[in-house]
Amino acid sequence: MKITIPTHCPCCDYPLELVRDQLFCRNQACSAQLDQKVEHFCKTLGIKGMGPRAIEKLQLADITEIYYMDIDQVTEALGSERVATKLMMEIDKSRGADLQQVLPAFSIPLFGNTAAAKLCGVIQSIDDITFEKCKEAGLGDKVSENLISWLQTDFQEIREF
């Protein structure tokens, strides 16, 4: 039996890219990737009740939408006022997260809890992040490049939202 390598993403039908024997969908608007980013964000910040099913029902297209939902919208999507109230309380609790908790939640490639801890030891706010500060914190070139790239692209979109 011959195995055929897929050429298009099963979720968004975007052409797949083969990199070192792994297939990647590079579509920034791929719903599966967006759902995974939202799920990772919620899990990292400890927002209980925001699993794959809730994300799918809420039809979130972006992380920022989490903080702009109202109780009526959540109740309608999830079908339960009690569940919606609990979820909204969890979301409100996550607003108090510090920078060291929030940065790894954004799914920045190679940037996790350890890198966040190192970086937050030399900066006070997200506006302090520079390539030089990343080097001072002991982050590698690739991690630093990924973080700076995220700040210049994705973070700017979040700020504008």
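- Each ring pair (Phe, Tyr, Trp, His ring centres under 6.0 Å) pair with one or both residues in residues 73-103, not counting sequence neighbours, would appear here, but there are none.
- For the pair K43/V38, no side-chain contact is recorded, criterion being any heavy-atom separation below 4.5 Å from C-beta on.
- Formation of a donor-acceptor pair under 3.5 Å by the Q101 side chain with backbone atoms of D98 is found in this model.
- Counting heavy atoms of neighbouring residues, nucleotides and ligands inside a 6.0 Å radius, atom CD1 of I5 does not exceed 12 of them.
- For Q73, the CD atom counts as densely surrounded, since its 6.0 Å shell holds more than 12 non-hydrogen atoms of other residues, nucleotides or ligands.
- Here the SG atom belonging to C42 is positioned 7.5 Å from the CG atom belonging to L60, to the nearest 0.5 angstrom.
- Across all non-hydrogen atoms, the minimal contact from P6 to L16 is O-CD1, 3.8 Å.
- The shortest heavy-atom contact between T44 and P104 is CG2-C, 4.3 Å.
- Atoms OH and CG, from Y68 and D62 in turn, are 10.5 Å apart once rounded to the nearest 0.5 Å.
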Please list every donor-acceptor pair under 3.5 Å in which a side-chain atom of residues 136-144 meets a protein atom from a residue at least two apart or in another chain.
unit_1	atom_1	unit_2	atom_2	d
D141	OD1	K135	NZ	2.6
S144	OG	G140	O	2.8

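- Under the 4.5 Å side-chain contact rule for hydrophobic residues, I71 and M50 share a cluster.
- Distance OG1/T75 to CZ/R82: 12.0 Å, rounded to 0.5 Å.
- For the pair I129 and I148, the minimum side-chain heavy-atom distance is below 4.5 Å.
- Rounding to the nearest 0.5 angstrom, the gap separating the CG atom in L78 from the CZ atom in R53 is 10.5 Å.
- Both Y67 and L58 are assigned to one and the same hydrophobic cluster, defined by single-linkage of ILVMFWY side chains at heavy-atom distances under 4.5 Å.
- Residues forming a side chain to side chain contact (heavy atoms under 4.5 Å, CB included) with E90 (at least two apart in sequence, or on another chain): I47, K48, K93.
- Within the structure, ring pair (Phe, Tyr, Trp, His ring centres under 6.0 Å) pairs that include any residue of residues 31-65 comprise F41-F106 (at least two apart or interchain).
- Atom-to-atom distance recorded for I123:CD1 and K118:NZ is 14.5 Å, nearest 0.5 angstrom.
- Linking Ile, Leu, Val, Met, Phe, Trp and Tyr residues whenever their side-chain heavy atoms come within less than 4.5 Å places L110 and W150 in a single cluster.
- M1 shares a hydrophobic cluster with no other residue; no ILVMFWY side chain has heavy atoms under 4.5 Å from its own.
- I126 and L99 make their closest contact through N-CD2, 3.7 Å (heavy atoms, listed as atom of the first residue, atom of the second, distance).
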Donor-acceptor list for residues 19-35 side chains, cut-off 3.5 Å, not counting sequence neighbours:
unit_1	atom_1	unit_2	atom_2	d
R26	NE	E17	OE1	3.3
N27	OD1	A29	N	2.9
Q33	NE2	C25	O	2.7

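- Counting heavy atoms from C-beta on, the side chains of Q100 and N113 never come closer than 4.5 Å.
- Residue I66 holds its CD1 atom at 10.0 Å from CZ of R95, rounded to the nearest 0.5 Å.
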